[in-house]
Amino acid sequence: MAADPAAAAAAQQVPKREPPPPLSIVSALPFWFYLTAAVSLLALLLPHLLSPHASPPLPPLLRRHLSDGRLLKLHPGPDLFALTSLPAATSAPHHPVLVLPGLAAGSFSFRRLLSSLSSRGLLAAAIDLPGQGLSPPPPPPPPRTNPLREIIDRGIFHAFEHLVETGEVPFQDEPAPDASHSFYSAAEAAAASARAVDALGLGPVHLVIHDSALAAGAALVSANPAAVLSVTLIDTTATLPAFPSAVLGVPVLGRLVLSVPALFKGLMRLCCVRGMDAQEADAHRAAMRGEGKRDAVFEAGKAMNQSFDLREWRASSEEVKSLPMMVLWSGSWSDKWIDEGKKVTAALPGTKFVYHYGGRWPQVDACEEISKLISEFVALLTTTATEYGSQNINQSSDKSTEAHSDHPAS
């Protein structure tokens, strides 16, 4: 018996699926429970991680560095922290080497370089620029007056009485400070560094400028050309500092980077050095976690002189133009950074240029190589100056003999 065609056709049809029922409140409860628990746990942990009042003890490396250096009480201020490493041999005269560290690096990152330079017979010193490293940050500004609160506290007629008595309109906003006289300006840093050199009794120095200290070092040279014997630039730039200080200005992220060791170490390896052990990274992090230090690094980065022209500075005077210079540059950091080094060399005619194998903080991951290059440069200049001086003395002596021979005694 043949099958019913209508029944066969109905059997072949695929039944339509009904749309799934909407999620009920009961089925969504686990999601909201876990989300609320996660947010509550994060709210409990973040204040402990990001608390600005937490002051853990200094790491041993940073504590030792603090005891090895000294805080210079300058007049006028600001106070600066300085580290000096005496030469291993003290029998011969030594030309001191002065290091100006870049943003967030501080003299702590140069401690091994200073020790290496002293083992090569040089008197080496490093100064933390205002607010940087272990130099004290500026005092916090006075709180701004709230006009509405003043009116509530003193009454609505206080402004009129103040105007009658003093002739001044109250509640006026104070004018913004001049950027050139900022605590972190290049001119202020250069003036403070010059006073620190006098306080340390260093005399004419071979100046070593690192990273973002370029504008401050250039201002120091321009204001005191006789106090500088040579200039060495180490991966230095006026606009591209190695350490990304803008990160510290982000409200939550800035504190989180300084609170979590792994994040800070990762940031350093990404932007500054090829390798840094946990103890050294922790010491750098602790130096920026001090009271007011995070804001100091951020403000110093904002105050960098973006309009500084290296070529114009080199040609600014005969003293600067004739000053011996050397540029040490990372040859393996990135192609973009190598191109930046070529621009620096082109802006400084007559400058010796050498690639090194470290990162943008070579004082950390290539200190022996940098120490050797600096000591050889200083030794070459010292030898040349000695030979030039001897030549002048011999020429003066010959002229004196000729003068006496032209006028024999009667």
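The figures here come from the full heavy-atom set of this structure, side chains too, leaving out hydrogens, waters and symmetry mates.
Between the CD1 atom of I234 and the CG atom of L214 there is a distance of 12.5 Å, given to the nearest 0.5 Å. Taking CG of L220 as the start and CD1 of I209 as the end, the distance is 7.5 Å to the nearest 0.5 Å. Between the CG atom in L129 and the CG atom in L103 there is a gap of 9.5 Å [rounded to 0.5 Å]. Taking OG of S332 as the reference point, atom CZ of R274 lies at 3.5 Å (rounded to 0.5 Å). Note that the OG atom of S107 and the CG atom of D128 stand 3.5 Å from one another [nearest 0.5 Å]. Note: L373 CG to E369 CD = 5.5 Å, rounded to the nearest 0.5 Å.
Nearest heavy atom pair, residue L74 against residue A192, reads CD1-O, 3.6 Å. Closest approach of P241 to S212, counting heavy atoms only: CB-CB, 4.0 Å. Minimum interatomic distance between S193 and L80 (heavy atoms only, all atoms of both residues): N-CD1, 4.2 Å. The minimum heavy-atom distance linking G358 with A366 is given by the pair CA-CB, 3.8 Å. Smallest separation of non-hydrogen atoms from I338 and G331: CD1-O, 3.3 Å. Annotation for A196 and L72: closest pair CB-CD1, 3.7 Å, computed over non-hydrogen atoms.
The closest side-chain heavy-atom distance from C367 to S116 is not below 4.5 Å. The side-chain heavy atoms of E188 and P130, taken from C-beta on, include no pair separated by under 4.5 Å. Counting heavy atoms from C-beta on, the side chains of P362 and D365 come closer than 4.5 Å. The closest side-chain heavy-atom distance from L123 to P87 is below 4.5 Å. Put simply, the side chain of V208 does not reach to within 4.5 Å of the side chain of L100, judged on heavy atoms. The shortest distance between side-chain heavy atoms of V250 and V257 does not fall below 4.5 Å. Between P137 and K293 there is a side-chain heavy-atom pair separated by less than 4.5 Å. In this structure, M288 and F264 have side chains that are in contact, with non-hydrogen atoms separated by less than 4.5 Å.
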Subject >> Audit row: Y357, Y355, ring pair (Phe, Tyr, Trp, His ring centres under 6.0 Å) steps and yes/no >> reply: CA-CA 7 Å; Y357 293 100; Y355 282 117; 9.3 Å; no
Subject >> E368 vs R120, salt bridge (Lys or Arg N to Asp or Glu O under 4.0 Å): CA-CA, chis, key distance, verdict >> reply: CA-CA 11 Å; E368 289 299 326; R120 299 175 188 272; 3.4 Å; yes
Original post:
Yes or no on side-chain contact (heavy atoms from CB on, under 4.5 Å) for T345 and E340, after CA distance, side-chain angles and deciding distance?
Top reply: CA-CA 9 Å; T345 309; E340 189 69 24; over 6 Å; no
Original post:
Yes or no on side-chain contact (heavy atoms from CB on, under 4.5 Å) for L323 and V228, after CA distance, side-chain angles and deciding distance?
Top reply: CA-CA 8 Å; L323 195 63; V228 179; 4.1 Å; yes
**OP:** Please step through side-chain contact (heavy atoms from CB on, under 4.5 Å) for the pair T237 and R360, ending with a clear verdict.
**Re:** CA-CA 11 Å; T237 172; R360 292 188 62 179; 3.9 Å; yes
Original post:
Could you walk me through whether T232 and V378 pass the side-chain contact (heavy atoms from CB on, under 4.5 Å) check?
Top reply: CA-CA 10 Å; T232 298; V378 171; over 6 Å; no
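Aromatic ring orientation, F81 versus H65: tilted (interplanar angle from 30° to 60°).
Of the residues listed (V231, T351, T236), the one engaging V327 in a side-chain contact (heavy atoms from CB on, under 4.5 Å) is T351, and it is the only one. Checked against D235 for a side-chain hydrogen bond (donor to acceptor under 3.5 Å, both in side chains), the options W333, W337, W361 give a single hit: W337. Shown are F110, W329, F243; of these, the ring-ring contact (aromatic ring centres under 6.0 Å, His included) with H210 is made only by F110. Among R111, K265, R285, the one residue that satisfies the side-chain hydrogen bond (donor to acceptor under 3.5 Å, both in side chains) test with E280 is R111.
Using a distance-only test at 3.5 Å, with no hydrogens or angles considered, a donor-acceptor pair links the side chain of Q132 to the main chain of A104. A donor-acceptor pair under 3.5 Å links the side-chain atoms of S322 to the main chain of E318, judged by distance alone. A donor-acceptor pair under 3.5 Å is absent between the side-chain atoms of D79 and the main chain of K73, judged by distance alone. The backbone N or O of R289 sits nowhere less than 3.5 Å from a side-chain atom of R294 that would complete a donor-acceptor pair. The closest donor-acceptor contact from the side chain of S259 to the backbone of L256 lies at 3.5 Å or more, if one exists at all. Under the 3.5 Å distance criterion, the side-chain polar atoms of H206 are left unmatched by any main-chain donor or acceptor of V97. Judged purely by atom type and a 3.5 angstrom limit, S115 has no side-chain atom pairing as donor or acceptor with the backbone of R112.
The 12-atom threshold is not exceeded at CD of Q279, counting heavy atoms of other residues, nucleotides or ligands nearer than 6.0 Å. The number of heavy-atom neighbours closer than 6.0 Å to CG of D335, taken from other residues, nucleotides and ligands shown, is 12 or below. By the neighbour-count criterion of 12 heavy atoms within 6.0 Å, atom CD of Q306 is densely surrounded, having more than that number from other residues, nucleotides or ligands. Within 6.0 Å of NZ on K372 lie no more than 12 heavy atoms contributed by other residues, nucleotides or ligands. By the neighbour-count criterion of 12 heavy atoms within 6.0 Å, atom CZ of R195 is densely surrounded, having more than that number from other residues, nucleotides or ligands.
Under 3.5 Å, the side chains of S307 and N305 contain a donor-acceptor pair of N or O atoms.
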